[in-house]
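The block underneath contains the structure these notes are about, expressed in structure tokens.
Everything numeric here is computed off the predicted structure, so don't read it as measured data.
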2 protein chains.
Amino acid sequence: MRAQALHGHLDALLLAVLEQGELHGYAIIDALRARSGGTLDLPTGTIYPALRRLERAGYVASSWSTVNGRERRTYRLTDAGLRALAGERAGWREFSDTVGRFLGTDQPPAPA
Amino acid sequence: MRAQALHGHLDALLLAVLEQGELHGYAIIDALRARSGGTLDLPTGTIYPALRRLERAGYVASSWSTVNGRERRTYRLTDAGLRALAGERAGWREFSDTVGRFLGTDQPPAPA
DNA sequence: CCTCATGTGTAGCAAGGCTACCTGTCTGCC
DNA sequence: GGCAGACAGGTAGCCTTGCTACACATGAGG
């Protein structure tokens, strides 16, 4: 899958993943790959800047911890992030509905 | 709708619109607006460069005609464009399926 | 006459994901 | 002991692509 198709939707994915529990960056990449069946295999250079963006926006908060002598930065969803996620879901629905109307995802063009 | 969410999907939309018959740029904008129920209202500065991109790629071909003293450039889908559209449709399905799995468009997370 | 819709077009900006690179620890293999 | 590779985090700069703002031209309507 052409990954740049994500453009603008990555934030929503990250929020959705963090909705199920706090994770650190590397684990987020694993979670995305696992839940997408391998389709989403995002490089660290995509994830880390995106997480910082979300943190600047106040949608996630991070805390450092040390696991096996390795520094880990764990991210969790904030209340604002949860609200943002709801908005992103609505936005995604409208977007996919609109584009799907042209590309015929699974809803036929004229049911009625 | 945040229009930049289109990123990477605009070409597919244009091909899909032209699939139903040849149109000129301005009419394409109208068609997108009409078929999307007003959601997609794209500026000319988005459409014209995109059409040139598609023409360079060989997916559409254009021809000039004069209507009411106004020069019109009419675009039609090429065979390569038709094939590209099929690929775009498949790509869209995979993309929307993948993202939908996270944002829960209409398929629940764990049906079984 | 002037404005607005029709119609095409360009220059430059901005956003966002990607490539390529760097740092460091721990584990396993030779 | 040394080296590769997974784990873990991070940055700089590129590239694509849609958007804003503008320019040009004609025809219709006030």
Side-chain angles (χ1 to χ4, degrees), chain A residues 1-15 22-34 36 39-57 59-60 62-75 88 91-92 95 98-99, chain B residues 1-15 17 22-34 36 39-57 59-60 62-75 88 91 95 98-99:
Chain A
M1 173 172 129
R2 291 181 332 201
Q4 48 240 55
L6 277 181
H7 230 92
H9 304 290
L10 176 62
D11 292 5
L13 291 183
L14 294 178
L15 295 176
E22 54 181 48
L23 288 173
H24 63 283
Y26 216 83
I28 291 176
I29 295 175
D30 284 345
L32 286 168
R33 189 172 38 229
S36 71
T39 307
L40 283 176
D41 195 1
L42 304 180
T44 65
T46 292
I47 297 300
Y48 291 118
L51 286 170
R52 316 200 114 232
R53 211 163 50 222
L54 290 175
E55 186 163 31
R56 269 201 309 277
Y59 296 157
V60 303
S62 66
S63 56
W64 286 96
S65 58
T66 305
V67 177
N68 291 339
R70 287 204 198 93
E71 294 289 297
R72 263 191 198 169
R73 192 174 196 168
T74 303
Y75 291 89
E88 293 281 359
W92 165 255
F95 171 73
T98 300
V99 178
Chain B
M1 172 171 131
R2 291 181 331 201
Q4 47 239 56
L6 277 183
H7 232 92
H9 303 290
L10 176 61
D11 291 5
L13 290 183
L14 294 179
L15 295 176
V17 167
E22 54 180 48
L23 290 172
H24 62 283
Y26 215 81
I28 291 176
I29 295 175
D30 285 343
L32 286 168
R33 188 173 36 229
S36 70
T39 307
L40 284 175
D41 195 0
L42 305 180
T44 66
T46 292
I47 297 300
Y48 291 117
L51 287 170
R52 316 200 115 233
R53 214 163 47 221
L54 290 174
E55 187 163 31
R56 268 202 310 276
Y59 295 156
V60 302
S62 66
S63 56
W64 286 96
S65 59
T66 305
V67 177
N68 291 340
R70 287 204 197 92
E71 295 288 296
R72 262 191 197 170
R73 191 175 200 169
T74 303
Y75 291 89
E88 293 281 359
F95 171 73
T98 300
V99 178

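A straight line from CG of A/Asp30 to P of D/dA6 spans 12 Å, rounded to a whole angstrom. Following rounding to the nearest Å, A/Ile47 (CD1) and D/dG10 (C1') show an atom-to-atom distance of 13 Å. Taking atom CD on B/Glu71 and atom P on D/dA23, their separation rounds to 23 Å, with Å as the unit. Separating the CG atom of A/Leu13 from the P atom of C/dG16 is a distance of 14 Å, rounded to the nearest angstrom. Across the protein-nucleic acid pair, A/Leu23 atom CG and D/dG9 atom P stand 11 Å apart, rounded to whole Å. Nucleotide C/dT25 holds its P atom 17 Å from the OH atom of A/Tyr26, rounded to whole Å. Rounded to an integer number of Å, the gap from B/Leu32 CG to D/dG18 P is 12 Å. A straight line from CG of A/Leu6 to C1' of D/dT16 spans 14 Å, rounded to a whole angstrom.
Atoms CD1 and OH, on A/Ile47 and A/Tyr26 in that order, are 12.0 Å from each other to the nearest 0.5 Å. How far NE2 of A/His24 is from CZ of A/Arg73: 13.0 Å, rounded to the nearest 0.5 Å.
Comparing A/Thr74 and B/Asn68, the nucleotide of DNA chain D nearest to each residue sits closer to the 5' end for A/Thr74. Looking at which nucleotide of DNA chain C each of A/Thr46 and A/Gly69 is closest to, the 5′-most match is held by A/Thr46.
Residue B/Arg72 places at least one side-chain N or O closer than 4.0 Å to OP1 or OP2 of C/dG7. Of the side-chain N and O atoms in B/His24, one or more sit less than 4.0 angstrom from OP1 or OP2 of C/dG7. Side-chain nitrogen and oxygen atoms of A/Tyr48 include none within less than 4.0 Å of the OP1 or OP2 phosphate oxygen of D/dG10. For the pair B/Arg53 and D/dT16, the criterion of a side-chain N or O lying under 4.0 Å from OP1 or OP2 is not met.
Minimum atom distance to the side chain of A/Leu10 is reached by C/dG17, of the listed D/dC19, C/dG17, D/dT11. The side chain of B/Pro43 has D/dC19 as its nearest neighbour among D/dT17, D/dC19, C/dG17.
Residue-to-nucleotide contacts include a donor-acceptor pair under 3.5 Å from the side chain of A/Thr44 to the base of D/dG10.
The closest side-chain donor-acceptor pair between B/Glu55 and B/Ser62 falls under 3.5 angstrom.
Each of A/Leu51, A/Leu23, A/Leu14 was evaluated against A/Tyr75; a single residue qualifies, A/Leu51, per the side-chain contact (heavy atoms from CB on, under 4.5 Å) test.
At a threshold of 4.0 angstrom between heavy atoms, the contacts of A/Gly45 include nucleobase atoms, whether or not backbone atoms are also involved. Residue contacts shown for B/Arg70 include a base, since a base heavy atom lies under 4.0 Å away.
Counting only distance, with no hydrogens or angles, the side chain of B/Thr66 and the backbone of B/Gly69 share no donor-acceptor pair below 3.5 Å.
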